[in-house]
Amino acid sequence: MVKSGGSELKKICGNIGSSMKMAASYSRSYFLYQTANALLGAGATVAGVVFPAAIIRCLYPEPIMESAIAYVLAWAVLQFFFNISQNGIGKLAGIEEKRINAGIMSRLNRGVSGIRYEEAEQSETLDRIAFARKSVERSSMARLISSFSAIMASFLSIAGLISVVSRLSVFLFLLSLFIMLVRYKATDKIVGLRYRAYEEKAGKERLLYHTIWYLPDVPNGKELRLYGLLDYVTGKFNQARKEIYKMDDRLVMKMAKAMILPTVMQGIQYLAIYGWMTFSLYKGEISVSDFTLYTAAILQFGNLLSGIAENLANIRGESQYIESYIDLLGGESGVLDIQKRPEENAGFTLEYQHVWYRYPGREEYALQDINVSIKPGDKISIVGLNGSGKTTFIKLAMGLYKPVKGRILVNGRDMEDIPQDERLRMFAPVFQDYFLTAYSVRENIAFTETADNETIEHAMEEAGIRKAVEAMPGGAECMVTRRFDSKGCELSGGEQQKTMLAKALYKGGDVLILDEPTAALDPIAENDIYRKYNEMTQGVTSFFISHRLASTSFCDRIILLEDGRIAEQGTHEELLAKQGRYWEMFNVQSRYYTEGGRDDF
């Protein structure tokens with residue numbers, strides 16, 4: 001659970017305040033509905049105690065039927081009013097609750113994008129995000145507010161009953177308070193058990209959902225059929241599901257055990273109340289109507305105290321769920337509106353100063369003691385074998401990764417001192433592990449409803465995809481999949497990469513990056529695109545990453561990475577003249593095309 005003592009209370013109160021403020025930003029009506037329900041609930045509770053006693057008083061000892069019938073009708077009307085009102089207001093509150101959850105989930109998604117990329121790649125972070133999303137889905141914020149509202153309603157009801165309860169035995173009053181404490185401890189234990197189970201299940205449920213998404217995904221259909229993976233993947237799904245069910249079964253058993261004492265104590269409470277009231281009635285100390293009034297009042301009083309205890313424990317528990325995502329909600333968003341690159345480039349400098357980097361949990365360094373200076377307008381090619389650190393080098397440049405040692409300067413400023421929003425606007429990358437969304441071609445390029453169509457067409461023309469798009473049904477408005485539109489288009493690997501290139505050209509930036517996005521293209525097509533890209537980006541700092549060395553021979557400088565270090569750097573001609581490692585790799589690749597050899601790079 002959370003911290004104990006004053007710090008815990010302060011944190012819970014802070015979460016209540018934050019929840020109310022945040023919920024109000026999405027729906028003020030929700031609080032009106034909760035307040036109305038609290039008042040109606042208190043009225044229904046008091047009415048349920050007072051009217052039965054009043055009806056019996058009209059029947060004993062001398063029956064007054066007119067008054068009894070009047071009380072019955074009044075009670076029936078009130079019950080109808082309370083029921084219909086609470087039901088209707090409850091449904092309206094449910095609608096507002098969904099609106100609040102949708103707003104919080106949207107804010108959470110934006111906050112998650114602000115997590116440093118290298119941290120977001122870790123399974124622990126992904127489990128934390130999954131748990132946070134599950135906490136939002138279970139309406140933790142709305143539940144906390146609802147519990148707080150229920151406590152207020154209980155106090156209003158107690159205020160209406162206190163004049164009756166105060167006439168009864170102190171023993172019954174103290175017994176109700178004791179049971180309240182027992183109920184609180186039991187509920188608090190259950191809330192803690194449920195929370196820990198949620199945490200424990202987060203990773204397994206993420207694996208389960210991954211399997212669920214993997215099975216029906218159309219691109220995976222080929223693998224599932226040709227390799228006969230359906231039974232194996234289904235088995236993994238069933239295994240994960242069984243493990244979750246076992247965890248749920250254990251949770252239910254622990255919760256049941258926790259409720260044994262409160263249930264027994266409640267039975268003792270009922271026995272004591274009815275025994276005390278029956279004995280008082282037998283001795284003639286109270287009338288039949290008083291028996292009904294006092295019994296109902298003290299039972300309701302005990303139930304209200306137990307309800308307060310449960311809701312206090314629930315508030316404490318929901319506060320934990322809220323803590324799992326409240327810090328993410330305020331994260332610096334990594335979401336940007338794609339904007340057209342300005343015509344004039346102000347210049348961009350990048351300097352690596354003794355940069356070392358290793359991935360979290362690894363001992364070996366992916367990059368070691370990198371020292372590089374890039375001037376405005378430089379065309380830089382990063383080459384090397386698979387795993388040599390090419391993509392890591394670029395992710396460090398963009399600030400997605402943070403150096404373990406050393407620093408990176410951008411325009412003379414330490415990368416860590418530059419706000420993420422400003423930093424991300426500097427780069428227009430096209431990665432080898434790109435993704436397309438199930439939107440139109442136009443939206444995949446611009447991601448805005450107010451995109452400049454002329455600029456989009458120009459970007460498509462430069463990327464070499466315009467003619468293919470114009471041939472599609474609906475042109476640039478064609479959906480990039482048939483999952484949601486039977487008239488959608490399925491792009492080839494090359495068309496997908498050209499679409500992503502058009503996206504980068506549309507956005508623009510101080511630095512343009514091609515991280516092997518043309519791997520699905522043939523060498524000639526890749527060479528044509530790279531050279532055309534070079535022509536389009538004159539005066540703009542650019543990085544080209546390719547395992548085909550000839551494709552980037554036009555660059556101002558080529559940096560060869562090997563085992564995480566800079567092995568060689570210079571122009572294409574300078575590196576060939578050295579007859580070093582670059583020369584060896586280039587000759588091997590040349591033989592691939594002239595002698596039918598094999599390209600291992």
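Here the structure is a predicted model, which means the values were calculated and not measured. Excluded from the calculations below are hydrogen atoms, water molecules and symmetry mates; all remaining heavy atoms, backbone and side chain alike, are included.
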*Return the minimal non-hydrogen interatomic distance between Y506 and D452, and the atom names on each side.*
OH-N, 3.6 Å
_K402 side chain to L396 backbone, donor-acceptor under 3.5 Å_ = no
_Identified side-chain hydrogen bond (donor to acceptor under 3.5 Å, both in side chains) counterpart of S139 within the set E97, K98, E318_ = E97
*Sidechain-backbone polar pair: Y321 side chain, S140 backbone, donor-acceptor under 3.5 Å*: no
_Could you check whether any side-chain N or O of S106 sits under 3.5 Å from a backbone N or O of G103, counting only pairs where one atom can act as donor and the other as acceptor?_
no
*Nearest-0.5 Å distance that lies between atom OH in Y365 and atom OG1 in T392*: 14.0 Å
_Rounded at 0.5 Å granularity, tell me how far OG1 in T499 sits from CG in L436._
6.0 Å
*asked:* Looking at every heavy atom in both R557 and S373, which two are closest together, and how far apart are they?
replied: NH2-O, 2.6 Å
*Between E490 and E495, which heavy-atom pair has the shortest distance, and what is it?*
O-OE1, 4.4 Å
*Output yes when a side-chain donor or acceptor of D378 lies under 3.5 Å from a complementary backbone atom of I380, and no otherwise.*
no
*Y401 ring center near Y359 ring center (under 6.0 Å)*: yes
*Note, M105 side chain near E137 side chain (heavy atom, < 4.5 Å)*: yes
*Which atom names give the shortest non-hydrogen contact between A397 and I408, and what distance separates them?*
N-CD1, 4.4 Å
*Is there a side-chain contact between W356 and D369, using heavy atoms and a 4.5 Å cut-off?*
yes
*Evaluate the side-chain proximity of K487 to M479: yes if any heavy-atom separation is below 4.5 Å, no if none is.*
no
_side-chain contact (heavy atoms from CB on, under 4.5 Å) between F31 and I145, intermediate numbers included_ = CA-CA 9 Å; F31 293 91; I145 296 171; 4.0 Å; yes
*Any salt bridge between R99 and E96, counting N to O under 4.0 Å?*
yes
_Main-chain N/O of G384 paired to K390 side chain as donor or acceptor, under 3.5 Å_ = yes
_Atom pair CG (D515) and CE (M398), whose distance is rounded to the nearest 0.5 Å_ = 7.5 Å
*So S19 and I322, side-chain contact (heavy atoms from CB on, under 4.5 Å) or not? Walk me through it.*
CA-CA 8 Å; S19 298; I322 291 170; 3.2 Å; yes
_Main-chain N/O of F131 paired to S135 side chain as donor or acceptor, under 3.5 Å_ = yes
_Working note: V469 + R442, criterion side-chain contact (heavy atoms from CB on, under 4.5 Å); need CA distance, chi angles, decisive distance, verdict._
CA-CA 10 Å; V469 171; R442 172 182 165 280; over 6 Å; no
*asked:* For a 4.5 angstrom cut-off between non-hydrogen side-chain atoms, does F348 reach F427?
replied: yes
_Working to the nearest 0.5 angstrom, can you tell me the gap between I418 CD1 and R413 CZ?_
4.5 Å
*Nearest heavy-atom pair of G406 and P403: which atoms, and what distance?*
O-CB, 3.9 Å
*Under the 3.5 angstrom rule, does the side chain of Q496 hit a backbone N or O of L491 as a donor-acceptor pair?*
yes
_Within a 6.0 Å radius of atom NZ on K375, are there more than 12 heavy atoms belonging to other residues, nucleotides or ligands?_
no
*Is a donor on one side and an acceptor on the other found under 3.5 Å between the side chain of R143 and the backbone of R138?*
yes
*asked:* Could you check whether any side-chain heavy atom of I545 comes within less than 4.5 Å of a side-chain heavy atom of F393, counting everything from C-beta outward?
replied: no
*asked:* For a quick check under 3.5 Å, do E454 and H458 share a side-chain donor-acceptor pair by atom type?
replied: no
*Would you say the side-chain atoms of E443 pair up with the backbone N or O of S440, donor to acceptor, closer than 3.5 Å?*
yes
*Which is it for T541 and L512 under the side-chain contact (heavy atoms from CB on, under 4.5 Å) test, yes or no, and what are the steps along the way?*
CA-CA 6 Å; T541 306; L512 301 175; over 6 Å; no
*Measure from NZ or CZ of K201 to the centre of the six-membered ring of Y198, then state whether that distance is under 6.0 Å and the direction lies within 45° of the axis.*
yes
*Is any side-chain N of the basic residue among R581 and E584 closer than 4.0 Å to the acidic one's carboxylate O?*
yes
*asked:* Within the structure provided, determine whether H572 and Y582 are in side-chain contact (heavy-atom separation under 4.5 Å).
replied: yes
*Does some side-chain heavy atom of L350 sit less than 4.5 Å from a side-chain heavy atom of L409?*
no
*Look at atom CG of D556 and say whether more than 12 heavy atoms of other residues, nucleotides or ligands are closer to it than 6.0 Å.*
yes
*asked:* To the closest 0.5 Å, what do you measure between CD (E422) and CG (D417)?
replied: 11.0 Å
_C489 to C478 - nearest heavy-atom pair and separation_ = SG-SG, 2.9 Å
_Heavy-atom check, side chain of M585 versus side chain of E562, under 4.5 Å_ = no
*Can you tell me how far CG of N371 sits from CD of Q569, rounded to the nearest 0.5 angstrom?*
9.5 Å
*Would you say the side-chain atoms of S146 pair up with the backbone N or O of A142, donor to acceptor, closer than 3.5 Å?*
no
